[in-house]
> 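Shown below is the structure under consideration.
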Amino acid sequence: MSEEEIKTTTFESLGLGERTLKAVKAKGFEEPSEIQAACIPLLLKEGTEVVGQAQTGTGKTAAFALPILETVSEEDKSVQALILTPTRELALQVSEEINSLKGERKTEVTPIYGGASMEIQLKKLKRGVQIVVGTPGRILDHIKRGTLNLDKLVFMVLDEADEMLDMGFIEDIEEVLKNVPETRRMLMFSATIPPQIQKLAETFMKNPTLIRTQKSDAATPQADQIYFEVKEADKIEALTRIIDRDPDFYGVIFCRTKLQCDEIGHKLQARGYDAEALHGDLSQRERETILRKMKERVIRILVATDVAARGLDIQDLTHVINYSLPSDPEIYIHRVGRTGRAGKEGTAITFITPSEARRFSYIKKASKSEIRKEEIPTPKEVVERRRELIKEELFASLDKDGKEEYSAIAEDLLSDKDPVEVLSSVLSLFYKDALDESQYKDISVGKKKERTKKKSNAETSYSDRKKEDRERPYDKIKTPSMDDEGLTRLFIARGRNDGLTKRGLADVLIDQAGVKNEDIRDIQVMEDFSFINAPYDAAEHILRVFGKSRNGEKPIITKARKDDKPKKKNTESSQKKETASKPKREKSSPEKKKEKKTRDYLAEEAEFLEYQRSWNEEREKKTKGRKAKASSSKKSSSKPKAKSKRGRK
């Protein structure tokens with residue numbers, strides 16, 4: 001892939017038509033972003049294919065949407081552009097963005113995704129659309145049904161390609177790409193360019209041009225980045241103080257799991273805040289309703305998981321709160337990039353627990369962000385701030401007209417009462433307990449925590465401390481615990497020999513366990529067994545469904561051991577050869593323990609495989625029995641039935 005130099009320019013000089021420039025101006029765009037300035041002129045040239053690397057919020061949707069709108073024919077009702085996105089929310093968001101950019105054009109744009117009415121989608125496709133935006137699964141479903149004709153496709157776009165790969169859509173994407181004409185032009189946009197993306201480009205693209213935006217875009221310097229050190233149990237209290245301190249708070253609170261997302265949303269609602277939770281367990285109608293309420297500012301607080309918030313374009317956010325520390329710097333950058341856009345100021349706040357200090361240091365260093373530490377506001381500081389805001393609000397109200405209807409009541413109240421007492425009563429009735437410091441709970445911070453930490457270090461041996469120093473910050477992410485709400489590794493006693501695929505395994509878990517696609521990560525399918533990673537709550541639910549012993553046999557899915565690795569097992573002959581080739585020496589105690597663990601693991605795995613074979617044999621017997629029973633019932637039904645002497649009961 002060749003790499004293109006990026007030069008800042010104006011929309012007028014990019015080669016766009018008058019109708020497009022008029023729509024861009026109406027949208028409020030003044031000058032193109034880096035990714036737009038680089039992509040648009042290239043895509044207006046016939047036959048050019050592009051791989052664009054840019055972060056969320058850099059305007060990459062317009063970078064491919066504007067050239068597509070310039071190129072597709074309004075008269076031809078065939079599908080001429082297909083855009084794949086990882087989530088339903090992003091599909092809806094991209095289609096809305098393209099509709100807002102088409103201006104006076106009669107080009108039809110429609111989102112196609114799971115969870116929405118299939119009948120409505122079929123009607124739209126039958127009526128004719130030029131641009132389709134959808135998720136890989138539903139698009140592939142329409143292709144197989146024959147309801148999505150791609151014979152005249154001009155543009156094939158993969159948006160957030162790295163996210164689609166992380167979510168296990170690679171097989172669906174490849175299947176879709178095999179069903180589009182070779183004459184189409186392919187565009188791919190991604191925040192990162194991992195080896196899988198490069199391989200995909202080499203396989204399905206023809207000498208694409210690689211465009212990278214400057215890394216400064218990702219760090220979002222407009223956002224004021226702050227972190228607070230706080231215990232897990234005190235996070236909700238710290239959050240409410242931050243919200244109460246700023247009456248114009250309009251932000252997104254990021255949580256790592258759906259369970260935590262719901263919990264925080266309910267707690268905020270119980271305290272009287274206009275908040276809603278957004279995650280994968282909601283229906284599409286519920287998601288759309290919540291997003292509409294957020295955009296219209298009916299609510300001002302959105303509690304969301306990273307996957308559910310992927311691709312959301314909510315303008316003018318004042319705050320982004322990292323309630324849970326993200327697992328890597330890329331996710332941190334994506335979160336922070338949602339505030340402080342278009343030259344406006346915003347605030348990004350991160351909560352750090354004592355156990356997350358090392359991981360946060362790694363994120364801070366890798367993201368190259370200046371994040372300053374602050375102390376959580378005290379109840380007195382919050383109340384003092386609210387007192388000033390109430391006075392400002394009242395002084396502003398005094399300058400407004402239209403209070404005559406209350407004048408008579410005011411005169412009656414002040415005729416025989418102290419004015420201060422009257423006004424205090426009115427303020428108490430209106431603002432209730434806004435100035436009551438007792439509504440805030442204590443947060444345990446200070447030197448006591450430092451002394452405890454120092455004591456624990458003193459009790460730790462030198463070798464243990466050296467081992468901890470050698471650990472990389474991201475190693476802790478890969479060995480999660482319930483406290484950190486990380487990922488749990490699961491062992492599945494099925495593999496390729498059973499006809500299992502990554503997509504097939506994900507579908508079974510989604511259908512049978514009721515988990516969401518985004519919960520199933522890092523799927524590894526081996527010959528006779530498989531592994532997956534899942535968030536703690538999703539993993540526990542999977543184990544409840546599949547982890548039960550049947551007829552005294554081992555369960556199909558169990559928690560993987562820490563030393564489980566998807567590697568080929570040594571055969572007995574290869575082990576003998578390896579033993580013979582090495583000089584014999586007395587094994588040390590650690591080596592004996594390691595050998596015992598390996599033997600235990602192989603024995604346990606053999607038990608799983610034996611159970612797997614017996615399970616398959618039992619299933620075949622039951623299938624044959626059902627078929628034999630069905631055939632015998634057909635034969636008996638063909639003979640005349642003898643009348644029963646007993647009659648009907």
Side-chain angles (χ1 to χ4, degrees), residues 56-57 218-257 260-261 263-265 267-268 271 273-278 294 299-306 309 312 314-341 344-357 359-379 381-382 385-386 440-441 443-445 485:
T56 300
T220 320
Q222 292 87 355
D224 184 21
Q225 300 178 57
I226 302 167
Y227 76 93
F228 295 108
E229 290 183 353
V230 60
K231 291 182 178 179
E232 188 69 36
D234 295 327
K235 281 185 178 181
I236 189 67
E237 178 64 27
L239 178 61
T240 55
R241 293 187 189 182
I242 291 167
I243 296 172
D244 289 346
R245 187 177 60 175
D246 191 344
D248 298 324
F249 186 98
Y250 179 60
V252 179
I253 300 167
F254 283 101
C255 298
R256 189 176 300 145
T257 67
Q260 187 185 53
C261 192
E263 180 187 354
I264 302 308
K267 285 183 177 180
L268 289 174
R271 296 189 182 204
Y273 297 99
D274 299 324
E276 292 282 0
L278 184 72
M294 186 68 178
I299 59 172
R300 60 192 184 102
I301 302 170
L302 187 67
V303 188
T305 58
D306 290 297
L312 296 185
I314 301 173
Q315 300 296 323
D316 303 327
L317 290 176
T318 62
H319 288 75
V320 165
I321 308 288
N322 292 312
Y323 194 92
S324 296
L325 185 67
S327 57
D328 60 59
E330 287 291 341
I331 296 177
Y332 176 84
I333 291 170
H334 277 298
R335 291 180 179 182
V336 173
R338 298 185 179 280
T339 185
R341 293 183 177 181
K344 297 180 180 179
E345 293 184 359
T347 304
I349 294 173
T350 305
F351 291 151
I352 308 298
T353 62
S355 63
E356 294 171 332
R359 192 198 309 173
F360 179 65
S361 297
Y362 166 68
I363 289 175
K364 186 177 178 182
K365 183 178 180 181
S367 63
K368 299 179 180 178
S369 302
E370 292 184 6
I371 314 173
R372 73 176 189 278
K373 179 183 176 182
E374 283 195 2
E375 297 297 328
I376 298 168
T378 63
E381 291 171 344
V382 175
R385 173 63 178 156
R386 298 188 80 173
Y440 299 105
K441 298 178 181 178
I443 293 179
S444 52
V445 293
E485 297 177 89

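This is a predicted model, so every value here is computed, not measured.
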> Return the OH to OG1 distance between Tyr273 and Thr240, rounded to the nearest 0.5 Å.
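Going from the OH atom of Tyr273 to the OG1 atom of Thr240 covers 4.5 Å.
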> For a quick test of reading the model, state the closest non-hydrogen atom pair linking Val382 to Arg245 and the distance between them.
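Heavy atoms of Val382 and Arg245 come nearest at CG1-N, 4.3 Å.
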> Is there side-chain contact between Thr347 and Asp246, with heavy atoms separated by less than 4.5 Å?
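A side-chain contact under 4.5 Å is absent here.
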> Supply the atom-to-atom distance Ile349 CD1 to Ile226 CD1, rounded to the nearest 0.5 angstrom.
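Between atom CD1 of Ile349 and atom CD1 of Ile226 there are 5.0 Å.
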> For a side chain to side chain contact (heavy atoms under 4.5 Å, CB included) with Thr350, tell me which candidate from Ile371, Asn322, Ile363 qualifies.
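Exactly one candidate clears the test, Asn322.
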> Hey, are the side chains of Lys235 and Thr353 touching, using non-hydrogen atoms and a 4.5 Å cut-off?
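With C-beta onward as the side chain, the pair touches.
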> I want to check something: taking the side chain as every heavy atom from C-beta on, are Arg241 and Phe228 in contact at a cut-off of under 4.5 Å?
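The answer is no; the side chains never approach within 4.5 Å.
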> Using side-chain heavy atoms (C-beta onward) and a distance below 4.5 Å, is Pro354 in contact with Glu229?
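Result no, sub-4.5 Å side-chain heavy-atom pair not found.
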> Closest heavy-atom contact between Ser324 and Cys255?
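Nearest pair, atom of Ser324 first, then Cys255: OG-CA, 4.0 Å.
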> Does this structure show an ion pair linking Arg385 with Asp244, if we count only N-O contacts that are shorter than 4.0 Å?
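No.
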> Is the Tyr323 ring parallel, tilted or perpendicular to the Phe351 ring (thresholds 30°, 60°)?
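Correct class here is perpendicular.
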> Calculate, to the nearest 0.5 Å, the distance between atoms CD1 and CZ belonging to Ile243 and Arg300 respectively.
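If I round to the nearest 0.5 Å, the distance is 7.0 Å.
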> Indicate yes or no: at least one non-hydrogen side-chain atom of Asp234 is less than 4.5 angstrom from one of Ile376.
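Heavy-atom side-chain distance check fails, nothing below 4.5 Å.
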> How many angstroms lie between atom CD1 of Ile314 and atom CE of Met294, to the nearest 0.5 angstrom?
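Output value for this atom pair is 5.0 Å.
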> To the nearest 0.5 Å, what is the distance between CG (Leu325) and CZ (Arg335)?
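Leu325 atom CG to Arg335 atom CZ measures 7.5 Å (nearest 0.5 Å).
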> Can you find a heavy atom in the side chain of Lys267 that is under 4.5 Å from one in the side chain of Glu263?
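Sidechains of Glu263 and Lys267: in contact.
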> Shortest non-hydrogen contact from Thr339 to Leu317?
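Taking every non-hydrogen atom into account, OG1-O, 2.8 Å.
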> Using every non-hydrogen atom in the two residues, find where Ala277 and Cys261 come nearest and quote the distance to one decimal.
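Closest approach of Ala277 to Cys261, heavy atoms only: CB-O, 3.7 Å.
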> Which distance, rounded to the nearest 0.5 Å, do you find between the CD of Glu374 and the CG of Asp224?
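Reported to 0.5 Å precision, the distance equals 7.0 Å.
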> I'd like to know if the side chain of Thr257 pairs up with that of Gln260 as donor and acceptor (distance under 3.5 Å, no hydrogens or angles considered).
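Gln260 and Thr257 do not have a side-chain donor-acceptor pair below 3.5 Å.
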> Work out which heavy atom in Tyr332 is nearest to a heavy atom in Gln225; give both atom names and the distance.
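For Tyr332 and Gln225, the tightest heavy-atom pair comes out as OH-OE1, 2.6 Å.
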